[in-house]
Protein chains: 4
Amino acid sequence: MPRYDFASDNTAPAAPEAMAALVEANQGFASGYGTDTVTARAADLVRALLDVEAEVRFVASGTAANALSVAALARPFEAVLAHEHAHICTDETGAPGFFGQGVGLIRLPGASGRIEPAALEAALAQADVSYRQPAAALSLTNATEYGTVYSTQALQRLIAPVKARGYGVHLDGARVANAAAAGFDLKQIAGLGVDLFVLGGAKAGMPPTEALVILDAALARRIDARLKQAGQLPSKGRFYAAPFIGMLEDGAILRHAAHANAMAQKLAAAMPFRVVHPVEANAVFVEMDDPTLARLHAAGWFVYRFLDGSVRFVCSWATREEAVEELVETLRQFCA
Amino acid sequence: MPRYDFASDNTAPAAPEAMAALVEANQGFASGYGTDTVTARAADLVRALLDVEAEVRFVASGTAANALSVAALARPFEAVLAHEHAHICTDETGAPGFFGQGVGLIRLPGASGRIEPAALEAALAQADVSYRQPAAALSLTNATEYGTVYSTQALQRLIAPVKARGYGVHLDGARVANAAAAGFDLKQIAGLGVDLFVLGGAKAGMPPTEALVILDAALARRIDARLKQAGQLPSKGRFYAAPFIGMLEDGAILRHAAHANAMAQKLAAAMPFRVVHPVEANAVFVEMDDPTLARLHAAGWFVYRFLDGSVRFVCSWATREEAVEELVETLRQFCA
Amino acid sequence: MPRYDFASDNTAPAAPEAMAALVEANQGFASGYGTDTVTARAADLVRALLDVEAEVRFVASGTAANALSVAALARPFEAVLAHEHAHICTDETGAPGFFGQGVGLIRLPGASGRIEPAALEAALAQADVSYRQPAAALSLTNATEYGTVYSTQALQRLIAPVKARGYGVHLDGARVANAAAAGFDLKQIAGLGVDLFVLGGAKAGMPPTEALVILDAALARRIDARLKQAGQLPSKGRFYAAPFIGMLEDGAILRHAAHANAMAQKLAAAMPFRVVHPVEANAVFVEMDDPTLARLHAAGWFVYRFLDGSVRFVCSWATREEAVEELVETLRQFCA
Amino acid sequence: MPRYDFASDNTAPAAPEAMAALVEANQGFASGYGTDTVTARAADLVRALLDVEAEVRFVASGTAANALSVAALARPFEAVLAHEHAHICTDETGAPGFFGQGVGLIRLPGASGRIEPAALEAALAQADVSYRQPAAALSLTNATEYGTVYSTQALQRLIAPVKARGYGVHLDGARVANAAAAGFDLKQIAGLGVDLFVLGGAKAGMPPTEALVILDAALARRIDARLKQAGQLPSKGRFYAAPFIGMLEDGAILRHAAHANAMAQKLAAAMPFRVVHPVEANAVFVEMDDPTLARLHAAGWFVYRFLDGSVRFVCSWATREEAVEELVETLRQFCA
């Protein structure tokens, strides 16, 4: 049996707190389409976590949540600025263009998944011309695709020139719990000027669910019709809301994220290959040639080579210390 | 507390068999995006249920599954034929047009949710002209929106002229378990010429999940990219597949559907208002004026008035006999 | 040779004033994409005709101009209110849904192509629910599809409740010249609250061109990118602008429309079949059975049966009195 | 007055042959939507030029013709391979994504606008994975954006591996007349395996019009509905067809293209700046720094800096020898 422990954080099972809440919520009849009391309670917990007044919706898909956010912030003849290796640019099969009817992506460079401010400013400075899709919004990811974490200050620096032009901001928080466990203050998100925030559930250890937090009240108008049309307004809403109750009401989400981060630190510390990005969240990227990666796969450990050429190892709430040790043991043999 | 027992079949909790399988599947690491062993096992069970060789995918949303089916069978400048009160026409916020970039719907009449064959034939006989979206496919629903069930023969009569033109066929099976419990043979679906079939999970008593069965092999090409782009290829696929294991491996899905149908019969038999559609599956539609409906709502029972003007009561796997009796008791008071 | 004199007003050649301006504009080099001096002059003339400050663009297609207007006023999960027989509903192959990614159309009844105010108000009063596309804008047509003309007061009555909700208004003016010749005051359009106005060129006697007048300044932002992406920002803009110069600078557009209207009056007066709609602009609709229509076609006169079952005869700037007389002569033979 | 002689080939007026045919066609009534005799005659001439049996349609916009071609060959979750500086990638405001609902573009490198075969093959060799839009078609441009011309052999080399996979081929022929005048044999296009070919009118010296040639008969099914929905089925079709009659019936299109090419050769020969791409068609690209370009603009000559950093000068049917000499004179002063 191949092992997927480090392939991604979505290969892990759901955490017990999330599952318990799911089972607990599965009682009696409930009104549909997110109008139930479980959903209301989960939304309250999300608002408390972020210290915001905002509409919150629970949806099935992070890809859809991101793509709908992009489509809400930019029209088809406009574009969204994003890191060139952001999930919306490279891992979502062009979903922003599908949900946004051809909305463009302006791909920005930057070391270790963080957008280079100068590149952002250069893109913003581009003249509006009819034959090119002009920027209308910025999409950020924290923690980034390369396991690094933006500080509040770093985000401010990126967001300020965007807001100065009246453009919108989307924050993909698929791994924001890992960022938070690494010190990123979730209560700063609203103040930063984020308009649409996707608070990740699946990668944080929940069954499939993501919370879409609509910080710009104008974007909440008719949001249920928007979601329903896109197949993201679940009839049995409590199944997407309940896991957030289990994970938020006693802080399990941060506890589990801290564990994942710690496992990544442990792996990085023992890693016999060169680590190529700062290990700030729950992933370790290393330099590894193809024959070695093939040997690792042959040894039963499945991991991905990434767009920057490095090989990624991801830890999760479910990563056991023993698994890290076993993996390191295997990797060490390749270096002998 | 308002009672949603009869508001819809998606207000019910998930059945124990589905939940047990979900909990059972939540063990260890699993590969993502539907490549796991739980998903493989569930797909086998779906194929066995239908006696087909076909690709099967488990998705979060019936709205999306239907809309993607429509988009796969008709291009933006074409249209899909459907009953004028079909879910895709009236309850999905224009999702077919969103997923299919403006694909048209040709709305056909027919008593009690069943398409009138003559109306279908008249629509098919319309000349192709450049200024109108011509038919390219037929969308059917069984059981129908009005709780009636098409026989195999009735479906054949509708499908034959469609297939004769080389057009595609979609079957929305949100309540196909209820149709099956009423005698519709699921093993006939492939032979009927259905190309895309949505085997409903949520209304059959599962947590949110629907099985998309791709009976026309040509439509399976790149289906994962199609689903991923549309936010319907879940990373944690086992959560959408496992409930089908629980419900299919010992026939629970049909047992529960038979219970729901029986509860509808019981309700219809005791119903003090005029029943306006044949009760063949799990719903009872009655003639009821606005003041009476308001009194029913005031008494705590939430139900919907439908497009045909009648009021709908839906039963599910979870409907208790006592609830039927309580409801009837209440209704009787309004007639006294 | 079949005769298309009365088939539509787009079967006519372009008027000499328009052609002369086109030939005149075809001199020397000109900057592209509507930045040339011919385009600037034509836009000035359109603004003067309407007595407005507004951005004006010249595009190739009325279908596209209407569909882009709808897409600018309503998002995919919203809908536009329109007469059920409006061109956007019945004659544009679902273009609004294509350009607007599934944007809905709420089809309203009303005698002789004019929306019934009570029907509009009922539609506006519909509750916002997640499963239905709610109204976001009103689309009007003047002259209507049935050759009638809205008065300013009639339009006010329809627009007022729409504006009261903050919704947008589109006016399809494919035959607005005929309406103007019948007394509709073009200078009232801005004051009525119209946001996007399509001033028809083709049916008014020009080569293919339509003027898109953007009365709501907010909608003009990035309009060139919007048009370019949709294939409606012509590189050789002067070819679409010049005909408007020829037709507007000495009032030819109204003179020709008055002639078309007069020919329709002449035809209606002599018409041996029952005229079924008021003849207020340039079309005559009559009651005619299929065998008679077939005889008319066999006699070489091509005309269309319309959605209301009547047969339409359209006059244009190019309709000759003799042609009306010939047609009437032929029709009289069928009644003998 | 700024001079646009060399800014593009769409700044030129229409050639006398095209205008004469337009004026000639503007007689009497004609049936609409491309069913008229002028359109039939023009289509015959296009078929003769290419020596093909194929459906031909005349449309207003090259951007739309290209984007509709892409949308016909690739579904939203697929992608089209194209040169990274192809017009569809850089100059059409994301039109392929708009018309194709998010269809992807895989941007390929290659010197002087010609796709590097190895890069194409590498892209084709990419594994199909669910999270990335896989290639479904190849889009070519001849003459290229950098004024070079593919030979038949060079196109064969690119097309062969694409066809071997069953993928489609689009050829953007905005400047194919220039390619033909440079030796490219138009009668080879069908044999090369091109499925959709856009035969450029505007840049070849016509009023706005492009011929869409549908070489794959399967793609012609319901093409009029496709075009109508997209705003590209003109009601007054003869205005888009007639210019092709004027330009094709005595070979004017090639005569004018040869003149444009000769003017580019003359300009290149006398050019005091380094020419950076082979001059094979009607454009000259040179190395020029910003201050010099600013002086050129100040001297009244408008030209564009291109994506590769060079400055482009385009010749057309209307370029006069004296204009070339005046321009060269001006440029020489900057080098003194």
Side-chain angles (χ1 to χ4, degrees), chain C residues 2-8 10-14 19 22-23 25-33 36-37 59-68 91-95 97-99 101 202-203 206-208 224-240 302 316 318, chain D residues 1-8 10-14 19 22-23 25-33 36 59-68 91-95 97-99 101 202-203 206-208 224-240 302 316 318:
Chain C
R3 295 188 61 173
Y4 293 95
D5 306 45
F6 300 95
S8 180
N10 58 32
T11 60
M19 288 300 283
L22 189 74
V23 169
N26 189 44
Q27 308 220 355
F29 294 87
S31 64
Y33 302 100
D36 61 282
T37 54
V59 303
S61 160
T63 293
N66 288 334
L68 284 166
D91 289 284
E92 301 185 351
T93 327
F98 179 70
F99 284 88
Q101 202 182 9
K203 288 175 179 161
M206 306 189 206
D224 288 325
R226 186 192 283 268
L227 293 173
K228 173 67 180 160
Q229 187 186 47
Q232 296 294 329
L233 186 73
S235 61
K236 292 180 154 178
R238 54 181 154 170
F239 285 88
Y240 294 102
F302 190 79
S316 71
Chain D
M1 278 282 291
R3 294 188 60 173
Y4 293 95
D5 306 44
F6 299 95
S8 180
N10 58 32
T11 59
M19 288 301 282
L22 189 73
V23 170
N26 189 44
Q27 308 219 353
F29 294 87
S31 65
Y33 302 102
D36 61 283
V59 303
S61 159
T63 293
N66 288 334
L68 284 167
D91 289 285
E92 301 185 351
T93 327
F98 180 70
F99 284 88
Q101 201 182 8
K203 287 175 180 162
M206 305 190 208
D224 289 323
R226 186 192 282 272
L227 293 173
K228 173 65 181 161
Q229 187 185 48
Q232 295 295 327
L233 185 73
S235 63
K236 292 180 156 179
R238 54 182 155 171
F239 285 89
Y240 295 102
F302 190 78
S316 72

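Side-chain atoms are counted along with the backbone in the values below, which use heavy atoms only and exclude waters and symmetry mates. Predicted model only: the values in this text are computed from it and were never measured. Chain letters run A, B, ... following the sequence lines, proteins first and then strands; every chain starts at 1.
- Contact of D:Asn66 with chain C is not made at all, since no heavy-atom distance falls under 4.5 Å.
- Between chain D and the options C:Ala7, C:Pro208, C:Ser61, the largest number of non-hydrogen pairs under 4.5 Å is found for C:Pro208.
- D:Ala65 meets the side chain to side chain contact (heavy atoms under 4.5 Å, CB included) test with D:Val59, D:Val198; sequence neighbours excluded.
- Among all heavy-atom pairs drawn from D:Gly94 and C:Gln229, the shortest one is O-NE2, 3.5 Å.
- Considering only heavy-atom pairs separated by less than 4.5 Å from chain C, the leading option among D:Ala12, D:Ala64, D:Ser235 is D:Ala12.
- Between the side chain of D:Lys236 and the backbone N or O of C:Met206, at least one donor-acceptor pair lies under 3.5 Å.
- To the nearest 0.5 Å, the span separating NZ on C:Lys228 from CD on D:Glu92 amounts to 5.5 Å.
- Closest approach of D:Asn26 to C:Ala14, counting heavy atoms only: OD1-N, 2.6 Å.
- In terms of heavy-atom proximity, C:Met19 sits nearest to D:Leu22 at CE-O, 4.2 Å.
- With a 4.5 Å cut-off on non-hydrogen atoms, D:Thr11 touches chain C through its backbone and its side chain both.
- When each of C:Ala67, C:Gly237, C:Ala225, C:Ser316 is checked for heavy-atom pairs under 4.5 Å with chain D, C:Ala225 comes out on top.
- Using a 4.5 Å cut-off between heavy atoms, C:Ala230 touches chain D through backbone and side chain atoms alike.
- With a threshold of 4.5 angstrom between heavy atoms, D:Leu233 does not approach chain C through any atom at all.
- Contact annotation for D:Phe302: neither backbone nor side-chain heavy atoms come within less than 4.5 Å of a heavy atom of chain C.
- Classification of the C:Phe98-D:Phe99 ring pair by plane angle, with boundaries at 30° and 60°, yields tilted.
- Neither the backbone nor the side chain of D:Ser8 comes within contact range of chain C; no heavy atom of the residue lies under 4.5 Å from a heavy atom of that chain.
- Of the listed residues D:Ala30, D:Ala25, D:Ala60, D:Pro2, the one with more heavy-atom pairs under 4.5 angstrom with chain C than any other is D:Ala30.
- Counting heavy-atom pairs closer than 4.5 Å to chain D, the top residue among C:Gly32, C:Ala318, C:Gly28, C:Pro234 is C:Gly28.
- Heavy-atom pairs under 4.5 Å with chain D were tallied for C:Arg226, C:Arg238, C:Gln232, C:Lys203; the largest tally goes to C:Arg238.
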